**Student:** 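This is the structure I have questions about; it appears just below.
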4 protein chains.
Amino acid sequence: MARTVDQARHEARRLVIVDAALTVFAARGYDGATTAAICRQARIGSGTLFHYFPTKLAILLGILEYGTREVRESAAAYEGREDPVGVLLEIVGRSADEAADPRVPGFVRAAAGVMHLPEVAAALEADADAQRARLRPWVERGQELGEVRTDLTDARIVSWLMLLTDGFLERVAAEPGFTAAGERDLLVATAREFLHPGGRPARRGGRVSR
Amino acid sequence: MARTVDQARHEARRLVIVDAALTVFAARGYDGATTAAICRQARIGSGTLFHYFPTKLAILLGILEYGTREVRESAAAYEGREDPVGVLLEIVGRSADEAADPRVPGFVRAAAGVMHLPEVAAALEADADAQRARLRPWVERGQELGEVRTDLTDARIVSWLMLLTDGFLERVAAEPGFTAAGERDLLVATAREFLHPGGRPARRGGRVSR
Amino acid sequence: MARTVDQARHEARRLVIVDAALTVFAARGYDGATTAAICRQARIGSGTLFHYFPTKLAILLGILEYGTREVRESAAAYEGREDPVGVLLEIVGRSADEAADPRVPGFVRAAAGVMHLPEVAAALEADADAQRARLRPWVERGQELGEVRTDLTDARIVSWLMLLTDGFLERVAAEPGFTAAGERDLLVATAREFLHPGGRPARRGGRVSR
Amino acid sequence: MARTVDQARHEARRLVIVDAALTVFAARGYDGATTAAICRQARIGSGTLFHYFPTKLAILLGILEYGTREVRESAAAYEGREDPVGVLLEIVGRSADEAADPRVPGFVRAAAGVMHLPEVAAALEADADAQRARLRPWVERGQELGEVRTDLTDARIVSWLMLLTDGFLERVAAEPGFTAAGERDLLVATAREFLHPGGRPARRGGRVSR
DNA sequence: AATGAATGAGAGTTCATTCAT
DNA sequence: CATGAATGAACTCTCATTCAT
């Protein structure tokens, strides 16, 4: 029991650090974020930081892992669904919702800025894999049902859906007037159009649920 | 006259440094790129580097300025054209072509990674402004001619065209199987579809000229 | 009574730590030995370590004190002997035997490496004093009996006996082929020769008892 | 020419650092010697220190290398000599002279204190090899001429000569009353006796030249 | 104009030590 | 009594930048 409590406590503290680091990385970039600033943000001493993460890089990787895990876990929520296009658009919409947290685009840029580090490249690759694994089955199923275009391979369609969400994130970060909430519906509509060009518009009045 | 020659010589050497720095920034990110590495790549001494650029940051800004200037100058090439959609798709296609230089996506990430520096943010903003200025007149003209959708404001359409090219660049950088050359046509087609949903396909057999 | 038991228990645990620390200091030097490594070796928590010793330095001093105490106590074992040279050679031989424990030369070096700390200098001085006090009476007695050379003062002879044992320890530590067991007899013989140059060899067949 | 001058300048500066580091290592031990203290002693900035030596450890190794080189070079000075025992005693005497520099024993201890580092162990081994190589030919030659005992192998005699000089150094470091100058002659005499027990005393009035 | 030796501010990280449990 | 999470002082080392040549 104590072991369990300790582990939970440990995990909770790790999360505090991860959250603080996410904030600081997003605001200053990877190299601009000093470990001292992360400690200040997390309200801990520098020794404590290195008690939980062996290096500064490990913190970044830890954040990425949390994200990847979330992608994997969220994939389970769609099991049993029968509307592949609906699922795909929900996933796309959800990524738009995540972009609304102003720290997300900043952090994504910070991570991309140190992608030349092999560990970061591997972690981003793993994240992309998780995203592909979440999308691909539904693209395939949609193609089988005739609801998704078949002039492109499923893998390519997946890549293009990710292109849309990546570009969306980038625009949100770069353009003050381009807000996640304001452009969300157009993202979903564009994705729908991409998945099934010229297809009938979705259920009228429909707003893709979040 | 001598002044002119000197100036040309000066400019030429600056370009050598800019090119070397572009390579090193792309490969290692902004902070990962040491001035020593840039000097090595440019085959100059460190003293010389700081003779041409006052700080390391100034080199990055210099690269961005060259890019922005290119955007501005390329805009002039379209003057007098009568096919707004064609122009827009050419611009989009050209940005895909640029993504084929493997240094481009790497450099874009490096720059984005230090976007928290106000000077960089300003330079990227200026670049984005130049891109918007290049696109916007043709979107307006297209809307006037009924060749571009009018359910979205011209500014918003411009943003979404940039979203597509940004996302394209990002995918090229992230996914080894996603090549600029292989996906170029689909990018142009997707842009066309976005500009005029359900519109007749362009002149058949047409490949958007580079 | 309980007090006594507690004290014995306390002393026993101290010894466990001292032994563990001896091992770690010998293997990694004073600074190279982290308190964490000592705790691991002693199978205790860091809190416990500092419950028995106030500082890391105190552990080193504790080890040295144990050694010094041993020197003092061993001195008593020779009381009543009538063969001063025999006693001296036994002491020298015994120091060679101690060098056979591979941790001893390593620890001696570790301690010498931090001799610049006044506390360590004092402790080593105290140890040297104990060694001198153990040797000197027998040198004097030997000189009185005509069994030890008198062209050197007793103090100087003592120093040179220590020079031999120190050098022996150092060689054992430095030269893999120079083993304590293999060179022991030559050490004793050299010491005998030094004590009484040209003197008749000791009792024939004699091997200095340990 | 410039190259030669630069190289000479570089070497001279390296020597300044080596000398300063020797002083500081001797006074505070390896770990106790901060790079800041070495810089202060050498009157240079920290950047300069690391311009000449990549790491603190490299400085220590550099000092050891200088010592080893000196041993090798000094060996050449004895070529052509016909009195092996005289040569050996000169070498032994010279090591006693070196011990008169108060920094030498301190530095030797500092180095021994971090012998657990493989690089240091290797450098000390190389130094010992150089010393053995300097001594051994003369021991062999002495044995051939009947001037050195033959009951021990040449290698063993070499080890014991080194034992004497090591022990001498250690005593000088540990005992204030034991000075290099005061004990030098006894060291040489003891070495002579060891090389040829019971041998005739050397040429009368002879003092081993320095 | 071109150089690179010299600089020092500032970074990440280690580890002896404390103290609440 | 025993523990180990938390601490922060202090360390080594990097690197953009300067300036005498």
Side-chain angles (χ1 to χ4, degrees), chain A residues 2 5-6 9-10 13-14 17 30-40 42-59, chain B residues 6 9-10 13 30-40 42-59, chain C residues 6 9-10 13 30-40 42-59, chain D residues 2 5-6 9-10 13-14 17 30-40 42-59:
Chain A
V5 169
D6 282 10
R9 198 187 141 75
H10 192 263
R13 257 179 106 87
R14 251 182 83 100
I17 294 171
Y30 177 72
D31 285 281
T34 65
T35 54
I38 296 172
C39 291
R40 228 174 293 129
R43 299 181 171 281
I44 58 171
S46 66
T48 308
L49 180 69
F50 288 96
H51 189 68
Y52 286 90
F53 293 92
T55 62
K56 179 180 165 185
L57 182 56
I59 310 174
Chain B
D6 282 10
R9 199 187 135 76
H10 193 264
R13 258 178 109 77
Y30 177 71
D31 284 280
T34 63
T35 54
I38 295 172
C39 292
R40 229 175 293 129
R43 300 181 170 282
I44 58 171
S46 65
T48 307
L49 179 70
F50 286 93
H51 190 70
Y52 286 90
F53 292 91
T55 64
K56 178 179 163 184
L57 183 57
I59 310 174
Chain C
D6 281 9
R9 201 186 133 77
H10 193 264
R13 261 181 104 77
Y30 177 72
D31 285 282
T34 63
T35 54
I38 295 171
C39 292
R40 229 174 294 130
R43 301 180 170 282
I44 58 171
S46 65
T48 308
L49 180 71
F50 287 93
H51 190 70
Y52 286 90
F53 292 91
T55 65
K56 178 179 162 183
L57 183 56
I59 311 175
Chain D
V5 169
D6 282 12
R9 199 188 140 76
H10 192 264
R13 251 172 113 91
R14 250 183 85 101
I17 295 172
Y30 177 73
D31 285 281
T34 65
T35 54
I38 295 172
C39 291
R40 228 174 294 129
R43 300 180 171 282
I44 57 172
S46 67
T48 307
L49 180 69
F50 289 96
H51 188 69
Y52 286 89
F53 293 92
T55 63
K56 179 180 164 184
L57 183 56
I59 311 175

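These figures come from a predicted structure and were not determined experimentally. Residue numbers begin at 1 in each chain, while the letters A, B, ... track the order of the sequences.
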**Student:** Just N and O in the side chain of Arg13(C): are any of them under 4.0 Å from OP1 or OP2 of dA2(F)?
**Tutor:** yes
**Student:** How many angstroms lie between CZ in Phe53(B) and CD1 in Ile38(B), if you round to the nearest 0.5 Å?
**Tutor:**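 Rounded to the nearest 0.5 Å, the CZ-CD1 separation comes to 9.5 Å.
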**Student:** Over how many whole Å does the gap from Ile38(A) atom CD1 to dA11(E) atom P extend?
**Tutor:**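 My rounded result for the distance is 12 Å.
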**Student:** Encode nucleotides 12-19 of chain F as B, S and - characters from 5' to 3', where the letter depends on protein heavy atoms closer than 4.0 Å: B to the base, S only to sugar-phosphate, - to neither.
**Tutor:** SBBSBBB-
**Student:** Measure CZ/Arg40(C) against P/dC15(E) and give the value in whole Å, please.
**Tutor:** 10 Å
**Student:** Answer with base, sugar-phosphate or nothing: what part of the nucleic acid does Arg43(A) contact at a heavy-atom distance below 4.0 Å?
**Tutor:**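 Result for Arg43(A) = nothing.
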**Student:** Nearest heavy-atom pair of Phe50(A) and Thr35(A): which atoms, and what distance?
**Tutor:** CZ-CG2, 3.9 Å
**Student:** Would you mind telling me which residue lines up with the more 5' stretch of DNA chain F, Gly45(C) or Gly45(A), judged by nearest nucleotide?
**Tutor:** Gly45(C)
**Student:** Check this one for me: any side-chain N or O of Arg9(D) less than 4.0 Å away from OP1 or OP2 of dA6(E)?
**Tutor:**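 Yes, within the criterion.
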**Student:** For Cys39(D), run the side-chain contact (heavy atoms from CB on, under 4.5 Å) check against Thr34(D), Ile17(D), Ile44(D) and tell me which one passes.
**Tutor:** Ile44(D)
**Student:** Find out whether Asp31(B) and Tyr30(A) are in side-chain contact, i.e. whether some heavy atom of one side chain is under 4.5 Å from a heavy atom of the other.
**Tutor:**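 A side-chain contact under 4.5 Å is absent here.
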**Student:** Please determine if a side-chain N or O atom of Tyr52(D) lies less than 4.0 Å away from the OP1 or OP2 oxygen of dA5(E).
**Tutor:** no
**Student:** Looking at dT21(E), which nucleotide sits across from it as a Watson-Crick or G-U wobble partner, both distances under 3.5 angstrom, or is there none?
**Tutor:**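 dT21(E) is paired, partner dA2(F).
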**Student:** How many Å lie between NE2 on His51(D) and P on dA6(E), as a whole number?
**Tutor:**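 So the two atoms are 6 Å apart, to the nearest Å.
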**Student:** Can you tell me the base-pairing partner of dG10(E)? Count Watson-Crick or G-U wobble geometry only, both distances below 3.5 Å, and say none if there is no partner.
**Tutor:** dC13(F)
**Student:** Go through the steps to decide whether Ile59(D) and Tyr52(D) satisfy the test side chain to side chain contact (heavy atoms under 4.5 Å, CB included), and finish with yes or no.
**Tutor:** CA-CA 9 Å; Ile59(D) 311 175; Tyr52(D) 286 89; over 6 Å; no
